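Each remark here refers to the structure printed beneath this line.
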There are 2 protein chains.
Amino acid sequence: MTCAAENVPFTPGQARACTVREVLDRVGGKWSISILVSASHGPVRFTELERNVEGISRRMLTLTLRNLERDGLLHRTVYPTVPPKVEYTATPMALELYESLVALTSWAERHRRAIAEARTRYDAEHAG
Amino acid sequence: MTCAAENVPFTPGQARACTVREVLDRVGGKWSISILVSASHGPVRFTELERNVEGISRRMLTLTLRNLERDGLLHRTVYPTVPPKVEYTATPMALELYESLVALTSWAERHRRAIAEARTRYDAEHAG
DNA sequence: CCGTATCCATTAAGATACTG
DNA sequence: CAGTATCTTAATGGATACGG
């Protein structure tokens with residue numbers, strides 16, 4: 001990502017915002033979090049994820065897994081058996097991320113209703 | 001967003017992942033965070049944001065502001081003066097979100113180097 | 001000053017079929 | 001079992017011009 005504020009911060013807040021954006025670029029994909037969460041409870045196999053992560057296609061599962069592996073958030077272990085077996089394990093870094101997602105989750109749970117109401121209100125007010 | 005796990009949670013972890021996804025859907029846009037951060041230090045005007053948020057276009061600024069307003073994260077005050085003046089203020093809810101983004105920021109700062117290295121390593125290993 | 005409208009490029013993601 | 005390949009659609013964002 002281009003993160004110019006990182007080099008010449010306009011304000012301290014901007015630099016921080018940019019850092020957060022980097023996280024979101026990594027984790028903001030539609031499926032990344034569900035996968036990370038699944039993997040945070042122990043090694044998971046491909047098919048297992050396919051069942052756990054509701055609605056994901058094979059293609060997106062593969063793509064997301066590759067990206068998470070590339071960023072060092074998941075470790076991929078191939079057992080050269082027949083039939084093949086592949087296990088995905090959350091790295092320590094990913095486990096730390098999971099921890100810090102808890103704050104976000106708690107925020108979302110506290111305010112999900114307020115947000116839904118705000119939306120409804122806004123849409124109603126801007127209908128005419 | 002369709003969040004089936006919310007109704008019939010497959011695993012507790014899944015339901016949480018879905019909640020986090022809801023936050024990200026709200027805040028995961030390219031510019032949302034920078035704008036929220038700018039607004040968290042006091043009311044800001046449109047043009048001010050246009051200057052603060054580096055690289056943003058007028059169109060995207062407007063769109064993102066509307067979405068944040070719709071979700072109840074920003075409050076929009078129009079002063080019917082000439083020339084017009086509009087101020088955007090972070091709501092208490094948004095200020096709380098800012099707080100919880102700190103955990104994410106700190107994670108990103110701690111691991112940004114490791115992630116970059118992981119990427120380089122991965123790309124090198126998968127070149128041939 | 002604070003936007004809207006329109007058009008276009010890029011990317012993310014879904015559907016489906018095939019394979020070591 | 002664990003993927004790839006190909007095609008298509010939907011969403012996102014940028015450029016530019018115009019308007020109250």
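Protein chains get the first letters and strands the later ones, always in sequence-line order, with residue 1 at the start of each. For clarity, every value in this text was computed on a predicted model and none was experimentally measured.
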Run the salt-bridge test on B:Arg119 and B:Asp123 with the 4.0 Å N-O cut-off and return the result as yes or no.
no

Between P on D:dG3 and CE on A:Met60, what's the gap in Å once rounded to a whole number?
15 Å

Distance, rounded to the nearest Å, where A:Arg51 contributes CZ and D:dG3 contributes C1':
16 Å

Rounding to an integer number of Å, can you tell me how far B:Leu63 CG sits from D:dA15 P?
14 Å

Whole angstrom value for the distance that separates P of D:dA2 from CD of A:Glu69
14 Å

Is there a path of hydrophobic side-chain contacts, each under 4.5 Å between heavy atoms, that joins B:Tyr122 and A:Leu65?
no

Under 3.5 Å donor-acceptor, A:Thr62 side chain and A:Arg58 backbone
yes

Side chains of A:Arg110 and A:Ser106, donor plus acceptor under 3.5 Å:
yes

Rounded to whole angstrom units, what separation is found between the CG atom of A:Leu74 and the C1' atom of D:dA2?
16 Å

Could you check whether A:Arg59 gets within reach of a base, just the sugar-phosphate, or nothing at all, counting any heavy atom under 4.0 Å?
base

Which class fits the ring pair A:His111 and A:Trp107: parallel under 30°, tilted 30 to 60°, perpendicular over 60°?
tilted

Is there a side-chain contact between A:Tyr88 and the phosphate of D:dC1, meaning an N or O under 4.0 Å from OP1 or OP2?
no

What's the CG-P distance between A:Leu61 and D:dA5, to the nearest Å?
16 Å

At under 4.0 Å, does any side-chain N or O of A:Thr47 touch on OP1 or OP2 of D:dA2?
yes

Provide the start and end nucleotides, 5' to 3', of the part of DNA chain C that has atoms under 4.0 Å from heavy atoms of chain A.
C:dA13 to C:dG20

When we call it a touch if two heavy atoms are under 4.0 Å apart, what does B:Tyr79 touch: a base, just sugar-phosphate, or nothing?
nothing

Between A:Gly28 and A:Arg58, the residue closer to the 5' end of DNA chain C by nearest nucleotide is A:Gly28

Comparing nearest nucleotides in DNA chain D, the 5'-proximal residue of the pair B:Thr64, A:Arg66 is A:Arg66

Residues that A:Glu87 engages under salt bridge (charged side-chain N to carboxylate O under 4.0 Å, His left out), provided they are two or more places apart
A:Lys85

Using the rule side chain to side chain contact (heavy atoms under 4.5 Å, CB included), only one of B:Thr89, B:Ile35, B:Leu95 pairs with B:Ser40; which is it?
B:Leu95

